[in-house]
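Below is one structure, written out as structure tokens; comments come after it.
Letters A, B, ... are given to chains in the order of the sequence lines, protein chains preceding strands, and every chain is numbered from 1.
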2 protein chains.
Amino acid sequence: MVAKTSTLQDVARVAGVSTATVSRTLSNPDLVSESTRTRVAKAVQSTGYRINRAARNLRTRRAHSALVVLPDLANPFFSEILEGISRHLSGRGYSMLIASTNQVHESGERLIDYLDNARADGMIILDGGLSDDVVASLENTPQAGRVLFACEWIEGTGFASVRSENRRGTRTAVRYLHDLGHRKIGHVTGPSGNVLMHARHDAFVEEIRALNLELKPEWIIPGDFSLNAGCRAATSWLEMDDRPEAVFCASDQIALGFIAELTRNGVTVPDDVSVMGFDDIDFAEQFVPALTSIHQDRLLLGETAAKMLMARIDSPEDPAGDHAAVLPVSLVVRDSTARPKP
Amino acid sequence: MVAKTSTLQDVARVAGVSTATVSRTLSNPDLVSESTRTRVAKAVQSTGYRINRAARNLRTRRAHSALVVLPDLANPFFSEILEGISRHLSGRGYSMLIASTNQVHESGERLIDYLDNARADGMIILDGGLSDDVVASLENTPQAGRVLFACEWIEGTGFASVRSENRRGTRTAVRYLHDLGHRKIGHVTGPSGNVLMHARHDAFVEEIRALNLELKPEWIIPGDFSLNAGCRAATSWLEMDDRPEAVFCASDQIALGFIAELTRNGVTVPDDVSVMGFDDIDFAEQFVPALTSIHQDRLLLGETAAKMLMARIDSPEDPAGDHAAVLPVSLVVRDSTARPKP
DNA sequence: CTGCTTACTGTAATCGATTGCATAGCTCGC
DNA sequence: GCGAGCTATGCAATCGATTACAGTAAGCAG
């Protein structure tokens, strides 16, 4: 209907006040008298005024948006985290930008550009596998305080971060399998070099030691968080002379691939081998057998990350709240684990 | 390292030219002589200049970003489409904003605001279930040409759209089941009112008729694209006196839930009943049994949508390319379908 | 009644890049 | 040798909101 979008000037003219007053009415109503406030409100109504973000962003030196960086958009693990982030951001008038690392590289675009360009006020990175030069560029920018890692992180850097209790979750898993009666427990790991892989692997070994269990080197099967890694791991398991009777997988996707491949080879879970995962993705519940897993509250993780980022954007020097948050995980017992056959 | 980000002015000063020349060098090099061009390039280098998007956006009246609207961020079906969109956008210097419809409503934010606010130059909507007033607001804006539907669409509106061959895919599926030898074929539908649900349902019925097959009303089981809908449908199937021996599900998620629940009840797929889905999501291949499905090229769908949107942003009056694109689908045969038992 | 505070409101500079118009120097044709 | 036609560059207005600073009127104490 409105052919041309109207500006603050238009509203000011209609209301018979200055643009300053209109601006104040909109962003700082306390400074404006009751009567002008209603007059301006009417003018805003009649003109159909909508604020121009570009102008505001320029003047306030804020982009009013945050960038979320994923290793891979096509991974369902991240979607709920995004939902959590988005929920918090949009409540504060912020927009959520998304970029995936592989793509950023391909197009020659650099992450740091989002900050330098004033395209984003901060970023939440869900990928601990950034290359060294990218990390260095982020560390050396004056805006480093507005960079935050979620889920994953990078050892030896000072970035703020949110993560789940990977170690405790892992030890809980091992202890649970032990409590079921299993004594020979294996582990399919994440990709080598990945921080989550290390955290979970190390905690796994520690707990096995603490429980005084046997651990053959071949029972630790290298993987990479994917369905396919699970399939490959199943092949390894099938070829073993002395097989672990329970397997803790570093991710649900691994566990599902592992079970699928075993099933295709006539091995029954949990009768022949107990399998559990980590993450508790949506599919875990629906798989056959339903997957026992360590639950991560991804929604909360996303919200926490967004909240922390906003605090750091608002006061980079002295942000309210934590520098690092660690969220609780919980054991979810389903049908893929059982007592060993007598 | 650089304490303060430098501006065009700084570069101009260092290079000994005017800001106009620097701007032209950057955005329209042909207008500038070889020698100044290199001089400016050096100055850009030494000052570490990064363009300020907010300023550019204000002046050019472009946000240089596009909004993608999803019904639900947590649905893995969309991730690959996003990847496709993002790939095309970032190649052209555009950023990708994400919002989910449920959330936009909750926060009182309106989709149209993204356009009116100059936060986005256009939007790709993956949700055909927008409420009437939202649709009306989008139709009545002068920017309606920059709104595009992908995957889903809304009947009776003039928005551009990209979609897959839902009808042909469905008819292919039915014919395939028929060719296997099945004569009693059922269908689990999407949510009532959804355009995809209608397209697939109608095509299903048409093809059944064309093949002269029996179709009992109860063989059409209402669902809603989700895993749970599949589970519920399985319960219905189990309760039937005269069961269809093959079931075409309106989505892979339905099909997986359906199979899972059947399996839990001792029914074997495909021996006891053939099941197939639509979409060919990642999990389809890894499920046990691997799911026969109709493949949608979601990456291409995303890229096509982005391409069409860019064309419409560049020239809203007379966009190059199609107003509606329909992408081919293909049958992927796996293990969840088989000839009926003799 | 005077001077000071308080509560609003207006003026105008500002954020940083883009671009229409003006200008200067050069080439070229006749 | 003169004007037309380029090419390369600069000047300055502009996009639309925010905000420091200034000004005005009313309220109030003394």
*Under the salt bridge (charged side-chain N to carboxylate O under 4.0 Å, His left out) criterion, do A:Arg50 and B:Asp113 qualify, and how do the steps go?*
CA-CA 8 Å; A:Arg50 308 263 86 210; B:Asp113 288 347; 2.5 Å; yes
*So what does A:Ser27 touch, heavy atoms closer than 4.0 Å: a base, only the sugar-phosphate, or nothing?*
nothing
_Which is more 5' along DNA chain C, the nucleotide nearest A:Thr19 or the one nearest A:Glu34? Just name the residue._
A:Glu34
*Is there a donor-acceptor contact under 3.5 Å from the side chain of A:His323 to the main chain of A:Gly158?*
yes
*Does B:Tyr49 have a side-chain nitrogen or oxygen under 4.0 Å from the phosphate oxygens OP1 or OP2 of C:dG16?*
no
*Side chains of A:Ser164 and A:Gln296: donor-acceptor distance under 3.5 Å anywhere?*
yes
*Quickly work out the B:Arg24 CZ to C:dA17 P distance and round it to whole Å.*
15 Å
*Evaluate whether atom CD of B:Glu139 has more than 12 neighbouring non-hydrogen atoms of other residues, nucleotides or ligands under 6.0 angstrom away.*
yes
*To the nearest Å, how far apart are A:Asn52 CG and D:dT14 P?*
17 Å
*B:Thr101 and B:Asp127: side-chain donor and acceptor closer than 3.5 Å?*
yes
*asked:* Whole angstroms only, please: what is the CZ-P distance between A:Arg62 and C:dT14?
replied: 22 Å
*Write down the distance between CG (B:Leu26) and P (C:dT18), rounded to a whole number of angstrom.*
7 Å
*Base, sugar-phosphate alone, or nothing: which one does A:Ile51 contact when heavy atoms must sit under 4.0 Å apart?*
sugar-phosphate
_Donor on one side chain, acceptor on other, B:Arg163 and B:Ser161, under 3.5 Å_ = yes
_Just N and O in the side chain of B:Arg61: are any of them under 4.0 Å from OP1 or OP2 of D:dG16?_
yes
*Spacing between A:Leu8 atom CG and C:dG10 atom C1', to the nearest angstrom*: 14 Å
*Determine: side-chain N/O of B:Thr7 to OP1/OP2 of C:dG16, distance under 4.0 Å, yes or no.*
no
*Check every strand shown and say whether B:Val22 touches a base, only sugar-phosphate, or nothing at a heavy-atom separation below 4.0 Å.*
nothing
*Name the residue closer to the 5' end of DNA chain C, choosing between B:Ala55 and A:Ala20 according to the nucleotide with the nearest heavy atom.*
A:Ala20
_Without decimals, in angstroms, what is the distance between A:Asn57 CG and D:dA17 C1'?_
10 Å
*Any side-chain N or O of B:Ser33 less than 4.0 Å from the OP1 or OP2 oxygen of D:dT9?*
yes
*Kindly say whether, by distance alone, the side chain of B:Arg59 makes a donor-acceptor pair under 3.5 Å with the base of D:dT14?*
yes
*Whole-Å distance separating the CZ atom of B:Arg53 from the C1' atom of C:dA17*: 13 Å
*State whether A:Thr21 places a side-chain N or O below 4.0 Å from either non-bridging phosphate oxygen (OP1 or OP2) of C:dG10.*
yes
*Just checking A:Ser23: base, sugar-phosphate only, or nothing, at a heavy-atom cut-off of under 4.0 Å?*
base
*Starting at atom CG of A:Leu58, determine the distance to atom P of D:dC15, rounded to an integer number of angstrom.*
14 Å
*May I ask you to check whether over 12 heavy atoms, not counting those of A:Asp132, lie within 6.0 Å of atom CG?*
no
*What bend angle does the helix from C:dC1-D:dG30 to C:dC30-D:dG1 show across its length, from five-pair end axes and to the nearest 10 degrees?*
40°
